[in-house]
Amino acid sequence: RLSRLARRHRDPAVREVARAASRECLAPDTALSALAFWAARAAVRTWRPRAFLAFYEGHAVEPCIRWGVKAADRGCLTVGYQHTVLLPVHLASFRRHDGAGPEAQPDVVLCLGPRTRAMLQPSHPRARLVVFGTFRELPAAAQRREPRPPMRVVLVVPESGLIAEAQALFQFAMDASRALPDHRFLFRCHPIMPFDRLRAHLRASPDGLPNVEVSQRSSIADDFARSSVLLYRGSSSALYAVLHGLKPVYVRVDPRLDGDPLFELDGWREFVSTVSDLEQVVRRYAAASPEEVRGAWQEAVGYVERYTTPVSEASLDAFLRALTISPGEEAPCGA
């Protein structure tokens, strides 16, 4: 049907979109998303849970899961865990679904913090939004490291699981390392995508660059501790880097497709588009004293504290109340 539409429609834009859709609907990733409907339906029919929890990141697989749950049992609550960042490009998360069926959005959304709850509130009038928090380790106020401008170490963290993003960011950083020989660059990959897997996708290896190191540290907190600047794009590590005193620098490729987790932040974070931009930003920052930058950093810390909070006993109690399960009452094993 899409192929026929691509051949017959008068509007060339519609023809082009239909042509692309006719290919993409047969792609393996699309098939896997669709299969999630059947898996969720079978799980609910088998275990009869009171609630079915899945990640809530705006991916295509998520509504397929919710459709499968509701197809098996309309009374089973769908729960989405908004465990990571919200970006302007996540249109599915910010779109209202007035008049749509109960599978369009989760019945309950577990939010990362008060700020993300407020961001989702306008588009989720029927959902129960619960501030649940993160399981990531957050440094206590007394354990935080203040900004360290003179350190001159740039931690490079690409978005997890996306080879093209990692390729672009690491290549940008290698070019920058040549322009900034007095700075060190730490390359850190997500555990699901080790650097050896990415090496073949880079124009050159960083092995010959004396001021570039591929981190082998198991904990990202160790790399935060030995860095002063974070070079990033869509990685949620930008939030946690702020709490560790790093200055985030976002590499902007196309303003229309910005995926900056700190897009609401007015200060502290910097934008760069070229190596020359980055050179100016980090040299200016390295020349500053900790006292000069402390005020802007503290404002950013306040924003991050509203954005993400640690999971607590109160979080779990609020979650159970949202499921109409009293705290202390044993939840069904399927929930």
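All residue numbers in this chain count up from 1 along the given sequence.
Counting all heavy atoms, side chain and backbone alike, L86 lies closest to Y307 at N-OH, 2.8 Å. Of all heavy-atom pairs between C189 and M193, the closest is CB-O, 3.2 Å. Residues T78 and K70 approach most closely at CG2-CE, 4.0 Å, considering heavy atoms. Of all heavy-atom pairs between S235 and P261, the closest is O-CG, 3.3 Å. The shortest non-hydrogen separation linking V79 to P106 is C-CB, 4.2 Å. The two residues L278 and F172 come nearest to each other via the heavy atoms CD2-CE2, 3.8 Å.
Judged by distance alone, the side chains of E292 and S289 do bring a donor and an acceptor atom under 3.5 Å apart. No side-chain N or O of Q280 forms a donor-acceptor pair with one of R284 less than 3.5 Å apart.
One distance of note links SG of C25 with CZ of R1; it measures 11.0 Å at 0.5 Å rounding. In this structure, CZ on R117 lies 12.0 Å from OG1 on T309, to the nearest 0.5 angstrom. Separation of atoms OH (Y240) and CZ (F224) is listed at 9.5 Å; rounding is to 0.5 Å. The NE2 atom of H59 lies 13.0 Å from the SG atom of C64; values are rounded to the nearest 0.5 Å. The CG atom of D196 sits 5.5 Å away from the CZ atom of R199 when rounded to the nearest 0.5 Å. Interatomic distance, CZ of R136 versus CG of L239, reported as 8.0 Å (0.5 Å rounding).
Under the side-chain hydrogen bond (donor to acceptor under 3.5 Å, both in side chains) criterion, no residue pair touches residues 36-46, with sequence neighbours excluded. Note on residues 6-16: pairs passing salt bridge (Lys or Arg N to Asp or Glu O under 4.0 Å), not counting sequence neighbours, are E16-R19.
When the shell of 6.0 Å around CD of E291 is examined, it contains more than 12 heavy atoms from other residues, nucleotides or ligands. The 12-atom threshold is exceeded at CZ of R283, counting heavy atoms of other residues, nucleotides or ligands nearer than 6.0 Å. At most 12 heavy atoms of other shown residues, nucleotides or ligands fall within 6.0 angstrom of atom CD in E24. With a 6.0 Å radius and a threshold of 12 heavy atoms from other residues, nucleotides or ligands, E137 has its CD atom at or below the threshold. Within 6.0 Å of CG in D182 there are more than 12 heavy atoms belonging to other residues, nucleotides or ligands.
V251 is connected to F271 through a chain of hydrophobic side-chain contacts under 4.5 Å among Ile, Leu, Val, Met, Phe, Trp and Tyr, so both are in one cluster. V69 and F37 fall into different hydrophobic clusters, where Ile, Leu, Val, Met, Phe, Trp and Tyr side chains are chained together by heavy-atom contacts under 4.5 Å. If you chain together hydrophobic residues whose side chains sit under 4.5 Å apart, F135 and L110 fall into the same group. Connection of L2 to V17 is not established within any shared hydrophobic cluster, with ILVMFWY side chains joined at heavy-atom distances below 4.5 Å, either directly or through further cluster members. The hydrophobic cluster containing F187 also contains L180, counting ILVMFWY residues as joined when their side-chain heavy atoms lie under 4.5 angstrom apart, directly or transitively.
Checked by atom type and distance alone, the side chain of S123 pairs as donor or acceptor with a backbone atom of S93 at under 3.5 Å. The backbone N or O of R217 sits less than 3.5 Å from a side-chain atom of R188, completing a donor-acceptor pair. For S227 (side chain) and V229 (main-chain N/O), no donor-acceptor pair under 3.5 Å exists by modelled atom type. A distance-only check finds no donor-acceptor pair linking the side chain of R115 to the backbone of Y303 [under 3.5 Å]. Under the 3.5 Å distance criterion, the side-chain polar atoms of Q167 are matched with a main-chain donor or acceptor of H201. One N or O on the side chain of Q171 and one on the backbone of R203 form a donor-acceptor pair closer than 3.5 Å. For the pair R152 (side chain) and H183 (backbone), a donor-acceptor distance under 3.5 Å is absent. At distances below 3.5 Å, not a single donor-acceptor pair connects side-chain atoms of S22 with backbone N or O atoms of S3. Looking at S315, its side chain never comes within 3.5 Å of a backbone N or O of G133 through a donor-acceptor pair. A donor-acceptor pair is defined here as one N or O able to donate and one able to accept, closer than 3.5 Å; such a pair exists between the side chain of S228 and the backbone of V153.
Using a cutoff of 4.0 Å between basic side-chain nitrogens and carboxylate oxygens, D98 and R126 are not scored as salt-bridged.
Under the 4.5 Å side-chain criterion, counting only non-hydrogen atoms from C-beta, P158 is not in contact with R233. Counting only heavy atoms from C-beta outward, the side chains of V249 and L230 never approach each other to under 4.5 Å. Using a 4.5 Å heavy-atom threshold, the side chains of E270 and P248 count as separate. Looking only at side-chain heavy atoms (C-beta outward), E62 and E103 stay at 4.5 Å or farther from each other. D73 places none of its side-chain heavy atoms less than 4.5 Å from the side chain of F52. Between V311 and T134, every side-chain heavy-atom pair lies at or beyond the 4.5 Å cut-off. Side chains of L32 and V61 form no contact here, defined as non-hydrogen atoms less than 4.5 Å apart.
By the side chain to side chain donor-acceptor pair (under 3.5 Å) test, E305 pairs with R144, sequence neighbours left out. Legend: residues meeting salt bridge (charged side-chain N to carboxylate O under 4.0 Å, His left out) with E213, ordered by chain and number and at least two apart, are R184, R226. For R178, the salt bridge (charged side-chain N to carboxylate O under 4.0 Å, His left out) partners at least two apart in sequence or on another chain are D175.
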_What verdict does the side chain to side chain contact (heavy atoms under 4.5 Å, CB included) test give for L155 and L246, after you've listed the backbone C-alpha separation in whole Å, the side-chain angles of each residue and the deciding distance to 0.1 Å?_
CA-CA 9 Å; L155 178 61; L246 276 68; 4.3 Å; yes

| said: For V272 and R252: C-alpha separation, side-chain torsions, deciding distance, then whether side chain to side chain contact (heavy atoms under 4.5 Å, CB included) applies. | reply: CA-CA 6 Å; V272 298; R252 173 171 276 172; over 6 Å; no

Report task. Please assess S219 against D222 for the test side chain to side chain donor-acceptor pair (under 3.5 Å), listing each intermediate value before the final yes or no. Result -> CA-CA 6 Å; S219 170; D222 292 342; 4.5 Å; no

Check the pair M174 / L202 against side chain to side chain contact (heavy atoms under 4.5 Å, CB included), numbers first and verdict last.
CA-CA 10 Å; M174 281 193 287; L202 300 175; 3.9 Å; yes

Determine, stepwise, if the pair E57 / H83 fulfils side chain to side chain contact (heavy atoms under 4.5 Å, CB included).
CA-CA 8 Å; E57 302 179 43; H83 69 105; 2.9 Å; yes

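The side-chain contact (heavy atoms from CB on, under 4.5 Å) with L112 is formed by just one residue from the set V85, T308, T84; it is T308.
Remark: K247 fails to qualify as a cation-pi partner of W297 under the 6.0 Å distance and 45° angle criteria applied to the six-membered ring.
Ring-centre distance between Y250 and Y232: below the 6.0 Å cut-off. Ring pair Y56/H124: centre-to-centre distance below 6.0 Å.
Clustering of Ile, Leu, Val, Met, Phe, Trp and Tyr by side-chain heavy atoms under 4.5 Å joins V131 with none of the others.
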